[in-house]
**Student:** 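So that we are looking at the same thing, I have put the structure below in structure tokens.
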Amino acid sequence: QKEVEQNSGPLSVPEGAIASLNCTYSDRGSQSFFWYRQYSGKSPELIMSIYSNGDKEDGRFTAQLNKASQYVSLLIRDSQPSDSATYLCAAAGGTSYGKLTFGQGTILTVHP
Amino acid sequence: ETGVTQTPRHLVMGMTNKKSLKCEQHLGHNAMYWYKQSAKKPLELMFVYSLEERVENNSVPSRFSPECPNSSHLFLHLHTLQPEDSALYLCASSQTSGRAGELFFGEGSRLTVL
């Protein structure tokens, strides 16, 4: 049973702080990792993808991957109230394209 | 029309009804998916259609029946559903190579089974 586990949350941070979201996965064959953001009442939207060990930065977002530890994280710098949402971590095997295994999500609240 | 569109956005049905959910993607992708999102549970893959394969999650009951007439359209036919099938049903599309795991979701169809 492939599983993706996320820190349970909810996570509350003040505006301007760094929000840290964590995820572990059980399938060592997983090769692609994704962070989706889901606002309340909306569908998920992709914000980051990462495929190799190390860090990947995109604006205020940094994804980190450590395959040896089977660990993925998302850092959000200078958090804004508009970042308040549920963040979904997902993993896929090498030939699995969009057949993703999702975590249960972490609710993030950024308060002014 | 752009992106992935789903209809209807909301559906209420009795356990004896038959209804269908429709999805259309305008992104030129070659794979389409149905995912189910229930309260307090992770997103769950139900079905995948691509040029290479059709994949089913074996845990999906036969009262859910997918249909994919071409690479741009996907249906989910519903019959004799149970109240526990009430959920948000999300259609998504992607490529099957390159940035293949990057799903583009529709807005979802909120299903309530009475």
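Note that the coordinates shown come from a computational prediction; the quantities given were computed from them, not determined experimentally. Lettering follows sequence order; numbering is per chain, from 1.
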**Student:** B:Met13 and B:Val60: same hydrophobic cluster, using ILVMFWY side-chain contacts below 4.5 Å?
**Tutor:**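 They do share one cluster, since a chain of ILVMFWY contacts under 4.5 Å joins B:Met13 to B:Val60.
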**Student:** How long is the straight-line distance from CD of B:Gln37 back to CZ of A:Phe102, given to the nearest 0.5 Å?
**Tutor:**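 Reported to 0.5 Å precision, the distance equals 9.0 Å.
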**Student:** Below 4.5 Å from any heavy atom of chain B, which atoms of A:Glu5 appear? Answer side chain, backbone, both or neither.
**Tutor:**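 No part of A:Glu5 comes within 4.5 Å of chain B.
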**Student:** Please check if A:Ile47 and A:Leu65 belong to a single hydrophobic cluster, counting links between Ile, Leu, Val, Met, Phe, Trp and Tyr side chain heavy atoms closer than 4.5 Å.
**Tutor:**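 A:Ile47 and A:Leu65: one cluster.
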**Student:** Can you measure from OH (A:Tyr36) to CD (B:Glu102) and round to the nearest 0.5 angstrom?
**Tutor:**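 That separation rounds to 7.0 Å.
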**Student:** Rounded to the nearest 0.5 Å, how far does OH of B:Tyr35 lie from NZ of A:Lys99?
**Tutor:**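 Interatomic distance, A:Lys99 NZ to B:Tyr35 OH, rounded to 0.5 Å: 9.5 Å.
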**Student:** Contact part of A:Phe33 toward chain B, heavy-atom cut-off under 4.5 Å: side chain, backbone, both or neither?
**Tutor:**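 Contact with chain B: none, neither part.
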**Student:** Does B:Leu76 share a hydrophobic cluster with B:Met15, counting links as ILVMFWY side-chain heavy atoms below 4.5 Å and allowing steps through other members?
**Tutor:**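 B:Leu76 clusters together with B:Met15.
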**Student:** Does A:Lys56, at its NZ atom, have more than 12 non-hydrogen atoms belonging to other residues, nucleotides or ligands within less than 6.0 Å?
**Tutor:**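 Yes.
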**Student:** Determine, using the 4.5 Å side-chain heavy-atom cutoff (strictly less than), whether B:Tyr33 and B:Tyr49 are members of one ILVMFWY cluster.
**Tutor:**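 Looking at the clustering, B:Tyr49 is in a separate group from B:Tyr33.
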**Student:** When rounded to the nearest 0.5 angstrom, what distance separates CD in A:Glu45 from CZ in B:Phe104?
**Tutor:**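 Atom-to-atom, A:Glu45:CD and B:Phe104:CZ are 10.5 Å apart.
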**Student:** Side chains of B:Pro42 and A:Val4: closer than 4.5 Å at any heavy-atom pair?
**Tutor:**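 SC-SC contact between B:Pro42 and A:Val4 ruled out.
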**Student:** Do the non-hydrogen side-chain atoms of B:Glu107 and A:Lys42 ever get within less than 4.5 Å of each other?
**Tutor:**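 The answer is yes, as the side chains (C-beta and beyond) meet within the 4.5 Å cut-off.
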**Student:** Determine whether B:Leu90 and A:Pro44 make a side-chain contact, defined as any pair of heavy atoms from C-beta on separated by less than 4.5 Å.
**Tutor:**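 With C-beta onward as the side chain, the pair touches.
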**Student:** Any chance NZ of B:Lys41 has more than 12 other-residue heavy atoms, nucleotides or ligands included, within less than 6.0 Å?
**Tutor:**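 Incorrect, the count does not exceed 12.
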**Student:** Please determine, among A:Gly103, A:Ser43, A:Ala90, A:Ser49, the option with the most heavy-atom pairs under 4.5 Å with chain B.
**Tutor:**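 Highest number of heavy-atom pairs under 4.5 Å: A:Ser43.
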**Student:** Taking atom CG as the centre, does B:Leu27 end up with more than 12 heavy-atom neighbours from other residues, nucleotides or ligands that are less than 6.0 angstrom away?
**Tutor:**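 Yes, CG of B:Leu27 has more than 12 neighbouring heavy atoms, counting only those of other groups under 6.0 Å.
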**Student:** Show your reasoning for whether side chain to side chain contact (heavy atoms under 4.5 Å, CB included) applies to A:Leu46 and B:Leu103.
**Tutor:** CA-CA 7 Å; A:Leu46 178 71; B:Leu103 296 175; over 6 Å; no
**Student:** If you apply the rule side chain to side chain contact (heavy atoms under 4.5 Å, CB included), what do you find for A:Leu100 with B:Leu45, and how did you get there?
**Tutor:** CA-CA 7 Å; A:Leu100 305 185; B:Leu45 178 64; over 6 Å; no
**Student:** Going only through I, L, V, M, F, W and Y residues with side-chain contacts under 4.5 Å, is there a path from B:Leu11 to B:Val113?
**Tutor:**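 Looking at the clustering, B:Val113 is in the same group as B:Leu11.
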**Student:** Given a strict heavy-atom distance threshold of 4.5 Å, which part of B:Thr96 is in contact with chain A: side chain, backbone, both, or neither?
**Tutor:**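 For B:Thr96, the contact with chain A is made by backbone and side chain together.
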